[in-house]
*Asks:* 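Take a look at this one; I'll ask things after.
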Amino acid sequence: MTITDTRAVSQPFQAEVSELLHLMVHSVYSETDIFLRELISNASDACDRLRYEAIANPSLIGDGEPPKIRIEPNKQANTLVVADSGIGMERQELIDNLGTIARSGTKAFVARLTEAKDGAGLIGQFGVGFYSAFMVAEKIVVISRRAGSGEVWTWSSSGGGGFEIAPASEGEAGRVARGTEIVLHLKPNAAKYLETYEIERIVGAYSDNIQFPILLMPEQGESRQINSASALWQRPKSELKGEDYTQAYKSITGAFDEPAMTLHYRAEGRYSYAVLLFAPSTKPFDLFEPARKGKVKLYVRRVFITDDADLLPAYLRFVRGVIDSEDLPLNISREMLQNNPQLAQIRKAVTSRVVSELETLGDKEPESFGKIWDAFGPVIKEGIYEDFERRDKLLALSRFSTTLGEKRSLKQYVADLKPNQTEIYFLVGDSIERLKSNPRLEAASARGIEVLLLTDAVDAFWTSARLEFEGKPLKSLSQGDLNLDLIPLIDEKAKDKSEPADEAKTIAVIKASLGDRVTDVRASTRLTTSASCLVAGSHGPDRELERLLSQQNRGSRTKPILEINLRHPLVAAIAKAGAEAKTADDLSLLLLEQAQILDGELPEDPAAFAARLNRLVLQGMA
Ligand code: ADP
Ligand code: MG
């Protein structure tokens with residue numbers, strides 16, 4: 001190509017990389033061990049990619065040698081080498097991959113960095129890949145030969161503003177027959193990473209499940225393999241202990257927490273495949289990013305194929321792990337995966353299995369399930385409206401905050417129904433505190449009826465579907481008619497026996513005052529102490545859903561129905577004031593505005609509202 005292609009060039013880092021490197025170079029983060037796990041994970045990815053590309057192009061593994069990873073400490077030179085005979089990088093790949101930030105995890109890390117005071121604390125949470133090596137190295141040289149290529153290039157940097165790209169020297173090129181060699185010139189305080197026992201300890205803790213052999217080349221003596229390099233999911237469950245799974249979870253997923261659920265089985269029959277899946281116990285930072293996909297890795301006969309084959313539906317995108325098929329063709333292209341019927345079968349079967357496993361966990365180990373629910377409940381609930389087929393099961397495993405307690409299941413709700421109660425009641429809003437003081441709860445509270453208090457953004461959506469659980473319809477307390485008359489009051493004696501205001505007359509007065517601000521005014525069956533509330537018609541969306549959609553500019557709001565409590569003195573006063581009086585207008589508007597404020601909204605005209613209130617207060621004092 002051009003002349004610059006064969007010359008050494010210096011290039012600045014992308015600004016975000018500089019920022020990240022600055023943090024790494026000056027890191028006070030004490031768990032520096034993770035750099036080795038990151039480099040080994042990259043080496044393993046490179047071996048995976050070589051094996052995958054070699055399916056179509058076997059000459060890439062010319063020597064037939066399966067890819068390997070090599071770790072070589074050298075005390076004399078104060079260097080630690082991590083090398084792989086994987087896919088390698090061309091010149092441009094070195095520039096792109098090691099000069100910019102591509103992966104979403106690292107991007108999110110940098111974004112957090114600007115907010116967080118304790119940037120170092122975040123390193124452990126995110127991993128941050130290749131650049132973490134600058135925690136232990138003052139200079140890094142990467143020598144790489146793309147599989148099948150005659151060219152070998154070096155990338156080097158001391159972690160300042162930029163890096164240098166140059167053709168490899170003859171000696172360097174000779175050392176790297178295929179793949180990548182990363183030479184870390186260690187910082188004075190990182191000398192411990194030259195000790196073989198340290199290296200073995202870290203590999204044992206983080207990288208034992210890497211599928212490729214990791215060879216340690218001590219300065220004296222024979223090289224030896226220091227990982228078990230087995231595909232753990234292929235081993236029988238009976239041979240494996242809890243800690244084996246935890247280890248596998250960490251090395252397969254790159255996570256730092258403990259799994260809250262482990263699912264390991266082998267499906268035999270029409271199709272055979274091994275499944276090893278985990279549910280994390282903590283929430284990843286990008287759970288709600290639209291681009292986030294499931295991260296289940298597809299293997300075919302132990303060869304890694306891809307990690308974006310959508311092996312599980314979006315509402316299970318927090319599940320991590322491996323599915324290893326015995327019968328898919330090895331040379332299946334990533335594109336072909338899209339509409340492969342066998343894969344669709346596997347997806348269906350595994351999805352059902354994960355859902356029922358979650359259900360079992362909820363019954364048998366509520367504490368572990370609670371962790372999953374706290375972290376991923378809002379995501380699982382997406383499935384209630386997306387996965388029609390498993391709707392009942394997903395409703396069954398959902399947990400809710402209710403007026404009776406935390407983490408209640410619908411099964412518990414139904415078991416505790418009040419006499420004559422035939423519906424499951426809920427309210428959607430943005431905080432539990434606000435919902436608890438919501439006037440729409442009054443009639444239900446007076447009867448001790450349990451109400452689900454739904455405060456996740458997704459709740460406004462799934463509740464808009466017509467749902468029932470064990471034959472009991474779910475019903476919003478802020479929508480449509482409500483009839484609780486047949487359900488006895490907790491305290492019949494406390495029943496308000498005062499004379500209600502005249503319904504027809506009062507409503508006529510209020511309607512005249514409010515005009516088209518509301519679609520209707522009617523006597524409420526919901527209220528016992530408050531004067532008024534707003535509800536939506538029985539058809540059409542819940543008010544909370546409308547509010548959410550209009551905030552996102554997706555749809556306009558319809559006018560609500562104003563419900564009034566005929567036994568409330570304010571309402572009685574309206575009837576008394578009569579249609580002509582200014583006071584009736586003021587009071588009617590106040591009923592509407594009060595209800596809006598209780599919904600967390602502002603009155604349409606706050607100044608007029610204040611003036612009105614002042615007028616009424618002064619009248620009362622006179
Ligand atoms: P990630 O591994 O999440 O993509 P890293 O920062 O660890 O992020 O690595 C950045 C990129 O550099 C990788 O995606 C890969 O393309 C490339 N890379 C790093 N190490 C190697 C290697 N040993 N062999 C081939 N490519 C590598
Ligand atoms: Mg990486």
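Order of listing sets the numbers, starting from 1, for every ligand and every atom in it.
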*Asks:* Before signing off on this row, confirm whether Asp45 and ligand 1 have an N or O atom pair separated by under 3.5 Å.
*Replies:*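 For ligand 1, there is no N or O atom that lies under 3.5 Å from one belonging to Asp45.
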*Asks:* Heavy-atom contacts with Leu98 under 4.0 Å: which atoms of ligand 1 show up? List them by number with element.
*Replies:*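 It comes down to these atoms of ligand 1: 12 (O).
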*Asks:* Centre-to-centre under 6.0 Å for Tyr315 and Trp462, is that the case here?
*Replies:*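 Between Tyr315 and Trp462, the centre distance exceeds or equals 6.0 Å.
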*Asks:* With a heavy-atom distance limit of 4.0 Å, tell me whether Met89 approaches ligand 1 through its side chain, its backbone, both, or neither.
*Replies:*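 The answer is the side chain of Met89.
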*Asks:* Near Glu239 CD, under 6.0 Å, is it more than 12 heavy atoms from other residues, nucleotides or ligands?
*Replies:*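 Counting other residues, nucleotides and ligands, CD of Glu239 exceeds 12 neighbours.
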*Asks:* Salt bridge or not between Arg347 and Asp310? Use side-chain N to carboxylate O under 4.0 Å.
*Replies:*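 Salt bridge between Arg347 and Asp310, a charged N being under 4.0 Å from a carboxylate O: no.
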*Asks:* Would you check if the Mg ion (ligand 2) lies under 2.8 Å from any N, O or S atom of Ser41?
*Replies:*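 No, Ser41 does not qualify, because none of its backbone or side-chain N, O or S atoms lies under 2.8 Å.
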*Asks:* Are the ring centres of Phe163 and Phe13 closer than 6.0 Å?
*Replies:*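 Judged by ring-centre distance (under 6.0 Å), Phe163 and Phe13 do meet the cut-off.
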*Asks:* At under 4.0 Å between heavy atoms, which part of Asp84 makes contact with ligand 1: side chain, backbone, both or neither?
*Replies:*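 Within the 4.0 Å criterion, Asp84 contacts ligand 1 through side-chain atoms alone.
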*Asks:* To which of Leu94, Val17, Asp96, Asn42 does the heavy atom nearest atom 20 (N) of ligand 1 belong?
*Replies:*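 Residue with the shortest heavy-atom distance to the ligand atom: Asn42.
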*Asks:* Any N/O of Phe130 closer than 3.5 Å to an N/O of ligand 1?
*Replies:*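 Between Phe130 and ligand 1, an N or O pair is found under 3.5 Å apart.
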*Asks:* Once side chain to side chain donor-acceptor pair (under 3.5 Å) is applied, what residue pairs with a partner in residues 156-165 remain, sequence neighbours excluded?
*Replies:*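 Listed once each, the pairs are Ser10-Glu164.
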*Asks:* Heavy-atom contacts with Ala46 under 4.0 Å: which atoms of ligand 1 show up? List them by number with element.
*Replies:*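 Reading through ligand 1 atom by atom, the close ones are 24 (N), 25 (C).
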*Asks:* So for Glu38, does at least one of its heavy atoms come nearer than 4.0 angstrom to any atom of ligand 1?
*Replies:*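 The answer is no: ligand 1 sits nowhere under 4.0 Å from a heavy atom of Glu38.
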*Asks:* Return yes when atom NZ of Lys187 has more than 12 non-hydrogen atoms of other residues, nucleotides or ligands closer than 6.0 Å, and no otherwise.
*Replies:*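 Buried by this count: over 12 neighbours within 6.0 Å.
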*Asks:* Taking atom types as modelled and ignoring hydrogens, do the side chains of Asn209 and Tyr249 form a donor-acceptor contact shorter than 3.5 angstrom?
*Replies:*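 Per modelled atom types, Asn209 and Tyr249 side chains form no pair under 3.5 Å.
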